[in-house]
Amino acid sequence: MFSEMKKEIIEAGMMLDRYELVSLTCGNLSVRMPSGEILVTPSGMMYEKMVEDDMIVMDLDGKVIEGTRKPSSDTPAILHILRERPDINAVIHTHQPYATAISLIPGLTEFRVCITALANAAGGNVPITPYSAAGSIDMGVDTVKYIGSGHAVILSQHGVMTCGKDLNQALYAAVYLEEAAKCYLAARAASPNGEIKQMSDAQIQQMVDVFRYYGQGTATIPQDMVKRLD
């Protein structure tokens, strides 16, 4: 059942490893199918060793339909997000180090967009949620509470949750959030007073709008949309 999507999820998991967003067996991926079933990665297994039969298929109440493996320990949080947000069809959880490091800076309640790629992929500034334990439904509750129309939240002292209309959107959010976090932390370290340049709200919204034209099958970016903003 759902062989092709199972393959895509495993490949995406290996990409998380390749981009150093997960280590060993941490993190998880899940996808809602058009027919309503939820595909979830198994607990405690390395992505490069997973096969299709390791994936778990369940309903929104957590009843297993197919699979013999123990599902991710974060399944309660995942199912909460998917129940509360019918527009979300993919959830990725990582322990990516640079984005998580931002949550350790006292006083920050959001990671403000500082480079264009973050606005593109995350859909704007990224909220930093309160601490929640691994395996807790609180991870899902906080994601729903804080994510808004964006695609990512940083779980304080824990990791990252990214969400999207599909697996690709959630994956892009995770990867580019980490790239932006690297730039941000490097700039803070190099700045004599720890301050860095920021993008204005108008510049951030411009990049969110522009990203709708990204990729194949979309129109060419209107040039009046990308005029320089101060």
Side-chain angles (χ1 to χ4, degrees), residues 9 12-13 16 21-22 25-33 36-44 55-65 69-113 118 121-167 169-178 180-181:
I9 292 172
L16 295 178
L21 306 188
V22 298
T25 62
C26 76
N28 48 73
L29 303 92
S30 53
V31 169
R32 187 204 320 257
M33 300 303 296
E37 295 88 348
I38 313 300
L39 277 60
V40 181
T41 49
S43 177
M55 298 291 299
I56 299 93
V57 181
M58 61 179 65
D59 64 19
L60 264 181
D61 294 321
K63 179 182 177 181
V64 174
I65 299 169
R69 296 292 191 184
K70 178 182 177 181
S72 167
S73 58
D74 296 324
T75 297
I78 293 165
L79 294 178
H80 178 82
I81 294 169
L82 295 174
R83 281 194 297 265
E84 294 296 314
R85 290 288 301 267
D87 57 316
I88 289 174
N89 295 314
V91 178
I92 293 176
H93 172 51
T94 72
H95 292 172
Q96 54 197 81
Y98 288 94
T100 305
I102 289 174
S103 76
L104 306 182
I105 300 173
L108 284 187
T109 58
E110 71 173 3
F111 177 28
R112 186 172 175 83
V113 169
L118 182 59
N125 300 323
V126 179
I128 300 173
T129 77
Y131 169 78
S132 54
S136 167
I137 195 173
D138 292 338
M139 296 166 56
V141 171
D142 286 344
T143 298
V144 171
K145 180 178 179 180
Y146 290 94
I147 199 167
S149 60
H151 306 304
V153 297
I154 299 173
L155 305 173
S156 186
Q157 298 168 288
H158 185 163
V160 165
M161 295 288 266
T162 63
C163 303
K165 63 184 179 182
D166 54 33
L167 186 59
Q169 190 172 59
L171 181 63
Y172 267 60
V175 172
Y176 284 111
L177 171 55
E178 191 72 350

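Everything numeric in this text was worked out from a predicted model, so none of it was measured. In this chain, residues are counted from 1 in sequence order. What's counted below: heavy atoms across the whole structure, side chains too, no hydrogens, waters or symmetry copies.
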Does the [X] side chain pair with the main chain of [Y], one donor and one acceptor, at a distance under 3.5 Å?
X: E37; Y: M33; value: no
X: T94; Y: G27; value: no
X: Q157; Y: S103; value: no
X: T162; Y: A170; value: yes
X: D61; Y: K63; value: no
X: N89; Y: V31; value: no
X: R83; Y: L60; value: yes

Query - Audit row: V175, L21, side-chain contact (heavy atoms from CB on, under 4.5 Å) steps and yes/no - result: CA-CA 8 Å; V175 172; L21 306 188; 4.0 Å; yes

Starting at [atom1] of [X], measure out to [atom2] of [Y] and round the result to the nearest 0.5 Å.
X: L177; Y: L118; atom1: CG; atom2: CG; answer: 6.0 Å
X: Q169; Y: I92; atom1: CD; atom2: CD1; answer: 10.5 Å
X: I128; Y: E110; atom1: CD1; atom2: CD; answer: 8.0 Å
X: D74; Y: L29; atom1: CG; atom2: CG; answer: 11.5 Å
X: I137; Y: T75; atom1: CD1; atom2: OG1; answer: 11.0 Å
X: I65; Y: I38; atom1: CD1; atom2: CD1; answer: 8.5 Å

Minimum heavy-atom separation for [X] to [Y], with atom names?
X: S156; Y: P130; value: CB-C, 3.9 Å
X: L39; Y: I9; value: CB-CD1, 3.8 Å
X: R69; Y: I56; value: O-CG1, 3.5 Å
X: M55; Y: P42; value: SD-CD, 4.3 Å
X: A152; Y: I147; value: N-CD1, 3.5 Å
X: H151; Y: A121; value: CD2-O, 3.4 Å

Query raised in the report: S132 and D138: side-chain donor and acceptor closer than 3.5 Å?
Result: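 Side-chain D/A pair, S132 to D138: absent.
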
Query - Close side-chain approach of R85 to C163, heavy-atom, < 4.5 Å - result: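 R85 vs C163: side chains apart.
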
Query raised in the report: Any side-chain heavy atom of I81 sitting closer than 4.5 Å to one from M161?
Result: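 A side-chain contact exists here, since the closest heavy-atom pair is under 4.5 Å.
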
Requested in this report: If the plane angle is over 60° it's perpendicular, under 30° parallel, otherwise tilted; pick one for H93 and H158.
Outcome: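 Correct class here is perpendicular.
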
Query - Geometric class of the Y172/Y176 ring pair [parallel <30°, tilted 30-60°, perpendicular >60°] - result: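 Tilted.
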
